[in-house]
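To keep things clear, I will list the structure first and then write my remarks on it.
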Amino acid sequence: MSIIHSGEVHAPSDRTFLPEPITFWMMTIHPKWFQSASADLAASEILPFFPDVYLADPQLNQLFITLQQKTDLQSQLERDINLWNLLSYLLTNYAENRLVVSPLSSARIAIKQVCDYLHAHFATDVTLDQLSELAGLSRFHLSRVFRQEIGLSLTAYQTQLRISHAKKLLVEGMAIATVASLTGFYDQSHFGWQFKRHVGVTPGNYRETTLDFLHESRGMCQFIVE
């Protein structure tokens, strides 16, 4: 990955021959995002300078790829956190004056408020800004302390809530497309992918298997009573 500051003269590559076609992914970051991330990390809205032009860091590459992939299928909360993860990693690892992240302190009351809000609005496309304001914590600090207190990221917690509610609706016999819409997923395909990823089976298979089990259980109970 290469970092090019605004106004710097550059060329895509010095190589005049490539054995096969390649693709360049580019991202332009407005200064306000770095200032905002700096304020979250160290209460200082600095504009960072990155002295190294080329960065060979697999973790940084993965953060960048995660931010770019399937953005239309990501919740707003997921997009917000992916952006903040990338910016904070750059600032704390590669800025000339690297920001030092303060140790985490307990914020159980704030985290409980966030959990309660996510439970009540599991299908809503909430933003990291909303949750940060609710908790009274910076966006970066909220993301870190939530994982520390709950053991899951904010996005994983939100997805698990949606899957849990989806299970109940499926057992009630609701159409899969309707369940996807009511639980906050982008579409039926996205819902099916996430459901199988977390549950291990498709929504249709889950509904069929669960209903069969419930019918068998009722029959067994009736036999025992008689």
Straight-line distance of [X] [atom1] to [Y] [atom2], nearest 0.5 Å:
X: Glu78; Y: Leu154; atom1: CD; atom2: CG; value: 11.5 Å
X: Phe195; Y: Arg207; atom1: CZ; atom2: CZ; value: 10.0 Å
X: Asp129; Y: Leu142; atom1: CG; atom2: CG; value: 10.5 Å
X: Leu83; Y: Thr66; atom1: CG; atom2: OG1; value: 12.5 Å
X: Ile3; Y: Tyr54; atom1: CD1; atom2: OH; value: 12.0 Å
X: Asp40; Y: Leu137; atom1: CG; atom2: CG; value: 10.0 Å

Measure across [X] and [Y] and return the closest heavy-atom pair with its distance rounded to 0.1 Å.
X: Asp125; Y: Gln130; value: O-OE1, 4.4 Å
X: Leu91; Y: Leu41; value: CD1-CD1, 3.7 Å
X: Ala107; Y: Glu149; value: N-OE2, 3.6 Å
X: Met27; Y: Gln68; value: SD-NE2, 3.8 Å
X: Ala95; Y: Pro48; value: CB-CB, 4.0 Å
X: Ala135; Y: Ala110; value: O-CB, 3.5 Å

Review point. Yes or no on side-chain contact (heavy atoms from CB on, under 4.5 Å) for Thr209 and Val201, after CA distance, side-chain angles and deciding distance?
Key: CA-CA 10 Å; Thr209 303; Val201 296; over 6 Å; no
**Study point:** His198: partners by ring-ring contact (aromatic ring centres under 6.0 Å, His included), with sequence neighbours left out
**Key:**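 By the ring-ring contact (aromatic ring centres under 6.0 Å, His included) rule, His198 matches no residue at all.
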Exercise for review: Give every residue pair that meets the side-chain hydrogen bond (donor to acceptor under 3.5 Å, both in side chains) criterion with at least one member in residues 17-37, sequence neighbours excluded.
Suggested key: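 Listed once each, the pairs are Ser36-Arg139.
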Check your understanding: Can you pull the side-chain hydrogen bond (donor to acceptor under 3.5 Å, both in side chains) pairs that have at least one residue in residues 156-166, sequence neighbours excluded?
Key ->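 Passing the test, one end in residues 156-166: Ser75-Gln158, His119-Tyr157.
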Is it true that [X] and [Y] fall in one hydrophobic cluster, defined by side-chain heavy atoms closer than 4.5 Å?
X: Phe50; Y: Leu47; result: no
X: Leu134; Y: Ile109; result: no
X: Ile163; Y: Met174; result: yes
X: Phe49; Y: Leu90; result: no

Practice item. Indicate the ring-plane relationship of Phe185 and Phe191, choosing parallel, tilted or perpendicular according to the 30° and 60° boundaries. Key: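 Judged by the thresholds at 30° and 60°, the geometry between Phe185 and Phe191 is tilted.
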Practice item. Classify the angle between the aromatic ring planes of Trp193 and His190 as parallel (below 30°), tilted (30 to 60°) or perpendicular (above 60°). Key: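 It falls in the parallel class, under 30°.
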Check your understanding: Within a strict 4.5 Å, meaning less than it, do heavy atoms of the Asp116 and Lys112 side chains meet?
Key ->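 Result yes, sub-4.5 Å side-chain heavy-atom pair found.
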Exercise for review: Indicate yes or no for a side-chain donor-acceptor contact from Ser132 to the backbone of Leu128 under 3.5 Å, with no hydrogens or angles considered.
Suggested key: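 Pair absent, no side-chain N/O of Ser132 close to backbone of Leu128.
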**Study point:** side-chain contact (heavy atoms from CB on, under 4.5 Å) evaluation trace for Ile29 with Leu87
**Key:** CA-CA 9 Å; Ile29 303 176; Leu87 295 179; 3.9 Å; yes
Practice item. I would like to know whether Leu118 and Leu131 meet side-chain contact (heavy atoms from CB on, under 4.5 Å); could you show each step before the answer? Key: CA-CA 9 Å; Leu118 288 173; Leu131 298 181; 4.2 Å; yes
Check your understanding: What's the verdict on side-chain contact (heavy atoms from CB on, under 4.5 Å) for Glu172 and Leu169, showing C-alpha distance, side-chain angles and the deciding distance?
Key -> CA-CA 5 Å; Glu172 291 174 4; Leu169 297 178; 3.8 Å; yes
Among all residues two or more places apart in sequence or in another chain, which pass the side-chain contact (heavy atoms from CB on, under 4.5 Å) test with [X]?
X: Ser189; value: Asp187
X: Glu133; value: none
X: Asp57; value: Gln59, Leu60, Tyr89, Tyr94

Exercise for review: Before giving the answer on side chain to side chain donor-acceptor pair (under 3.5 Å), spell out for Asp80 and Gln76 the whole-Å C-alpha distance, their side-chain angles and the decisive distance to 0.1 Å.
Suggested key: CA-CA 6 Å; Asp80 291 345; Gln76 184 60 54; 2.8 Å; yes
